[in-house]
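To start, the structure itself, in structure tokens.
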2 protein chains.
Amino acid sequence: MPPRLSPQAPLACRPHDHTRCVSHALDEAEQRCVTRGVRLTELRKRVLELVWQSHQPLGAYDILEQLSQQDGRRPGPPTVYRALDFLLEHDLVHRLASLNAFIGCSHPEHDQACQFLICRQCRTAVELEQSAINQAISEAAQGIGFAVEQPMVEVVGLCSRCREDA
Amino acid sequence: MPPRLSPQAPLACRPHDHTRCVSHALDEAEQRCVTRGVRLTELRKRVLELVWQSHQPLGAYDILEQLSQQDGRRPGPPTVYRALDFLLEHDLVHRLASLNAFIGCSHPEHDQACQFLICRQCRTAVELEQSAINQAISEAAQGIGFAVEQPMVEVVGLCSRCREDA
DNA sequence: GCGGAAGTTGTAATAGAATAACATCCCTTT
DNA sequence: AAAGGGATGTTATTCTATTACAACTTCCGC
């Protein structure tokens with residue numbers, strides 16, 4: 001039986017008012033862009049919002065489709081990828097290589113660790129910030145003279161809720 | 001300046017007689033398949049050999065091309081992917097999600113940890129087996145009730161040789 | 001305001017990675 | 001020899017991502 005979740009568990013793990021996640025992420029993104037002197041255009045903001053729609057990573061073509069259906073526009077793939085590239089560059093989203101999908105960055109202010117726990121059933125992805133993981137990686141790398149630049153951790157498994165359901 | 005490599009550093013990090021890597025990998029694969037009662041066919045063996053050709057991960061379509069050029073065959077993508085699926089299933093190769101590429105598994109006998117240091121310059125990928133990394137991951141996962149199934153670590157950076165050259 | 005420069009988006013075509021569906025072949029077992 | 005299962009071949013297609021170029025917007029100095 002899965003252990004009871006602590007109140008410190010990431011929001012994505014528990015039921016929560018998700019509209020607040022989204023608005024918080026958008027606010028933070030606005031500020032971040034102001035600070036960096038770059039423009040969070042309508043398109044970029046919309047893509048960020050779509051990515052934040054849930055805690056499940058979203059494919060570029062899913063975003064494309066939602067832009068087509070919900071908004072009036074019908075942009076081509078490059079338009080979406082460019083928006084995503086922008087958001088990636090400014091640490092507002094992450095790309096999950098194992099899923100070819102994108103997800104909102106939960107803590108853009110910190111060093112982006114790019115550590116994710118991905119539930120294979122409900123597809124929810126939770127971002128971690130475990131310095132212990134990074135440290136273990138750094139130490140191993142140092143041992144063979146490898147200079148770490150972008151560590152990436154993606155762990156597939158079953159989240160606590162899906163374990164309960166099983 | 002990068003630190004001197006210890007003699008325990010993985011082979012892939014240093015110059016070495018690579019034909020021995022390959023033949024050792026093939027031998028081990030043969031045995032593993034016998035043990036498991038599955039068939040290491042000519043095609044599968046050939047794909048494994050191609051993947052082991054170097055310590056740089058190889059794309060499925062690269063394999064395809066080499067099969068076309070070096071051997072007489074001209075198989076379609078499904079043929080190659082099926083061979084790769086087989087090899088993956090039996091832990092004889094790994095797939096690097098961040099590169100869409102495949103690489104020989106250095107220690108199929110152990111639990112496959114799927115930890116890689118990938119040099120962005122020479123593209124060499126070194127497989128690690130750091131239980132410390134897995135442990136850090138497990139602990140973090142346990143904290144939020146997540147059941148780890150397939151941890152995956154891919155670290156992009158600069159290997160020691162490429163640091164020296166720079 | 002005007003014009004240019006930089007940045008952003010639109011559009012069409014294409015490249016790259018992976019799979020579906022079905023046919024054929026081969027090996028084993030009886 | 002026949003049957004069954006596993007392996008491979010073949011064709012077409014899906015999904016992911018990028019190249020190259022055109023059009024438009026925003027910003028800034030004049």
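So you know, we letter chains A, B, ... as the sequences are listed, proteins then strands, and number each from 1.
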Using only heavy-atom distances, decide whether a donor-acceptor pair under 3.5 angstrom links the side-chain of B:Tyr61 to the base of C:dA15. no
Ignoring hydrogens and geometry beyond distance, is the side chain of A:Arg82 in donor-acceptor contact with the base of C:dG10 at under 3.5 Å? yes
Just the rounded figure in Å: distance from [atom2] of [N] to [atom1] of [X].
{"X": "B:Leu84", "N": "C:dT19", "atom1": "CG", "atom2": "P", "value": "10 Å"}
{"X": "A:Ile63", "N": "C:dT9", "atom1": "CD1", "atom2": "P", "value": "14 Å"}
{"X": "B:Arg46", "N": "D:dT8", "atom1": "CZ", "atom2": "C1'", "value": "17 Å"}
{"X": "A:Leu40", "N": "D:dT25", "atom1": "CG", "atom2": "P", "value": "19 Å"}
{"X": "B:Tyr81", "N": "C:dA20", "atom1": "OH", "atom2": "P", "value": "13 Å"}
{"X": "A:Arg44", "N": "C:dG10", "atom1": "CZ", "atom2": "C1'", "value": "14 Å"}
{"X": "A:Glu42", "N": "D:dC24", "atom1": "CD", "atom2": "C1'", "value": "16 Å"}
{"X": "A:Glu89", "N": "C:dG7", "atom1": "CD", "atom2": "P", "value": "11 Å"}

Keeping B:Glu127 on the side-chain end and B:Ser106 on the backbone end, is there a donor-acceptor pair under 3.5 Å? yes
Does any N or O in the side chain of A:Glu154 come within less than 3.5 Å of the main-chain N or O of A:Leu96, such that one atom is a donor and the other an acceptor? no
5'-most contact on DNA chain C: A:Leu43 or A:Pro77, nearest heavy atom basis? A:Leu43
Under 4.0 Å from OP1 or OP2 of [N]: is there any side-chain N or O of [X] that close?
{"X": "A:Asn100", "N": "D:dA17", "value": "yes"}
{"X": "B:Arg39", "N": "D:dG6", "value": "no"}
{"X": "B:Arg95", "N": "C:dA18", "value": "yes"}
{"X": "B:Arg74", "N": "D:dT10", "value": "no"}

Sugar-phosphate, base or nothing in reach of B:Thr79, heavy atoms under 4.0 Å: base
Specify the residue among A:Ala101 and B:Arg73 whose closest nucleotide of DNA chain D lies further upstream toward the 5′ end. B:Arg73
Nearest heavy-atom contact between B:Cys159 and B:Cys119 is N-SG, 3.4 Å
Is the number of heavy atoms from other residues, nucleotides or ligands under 6.0 Å of A:Glu30 CD greater than 12? yes
A:Arg161 and A:Glu164 ion-paired at < 4.0 Å: no
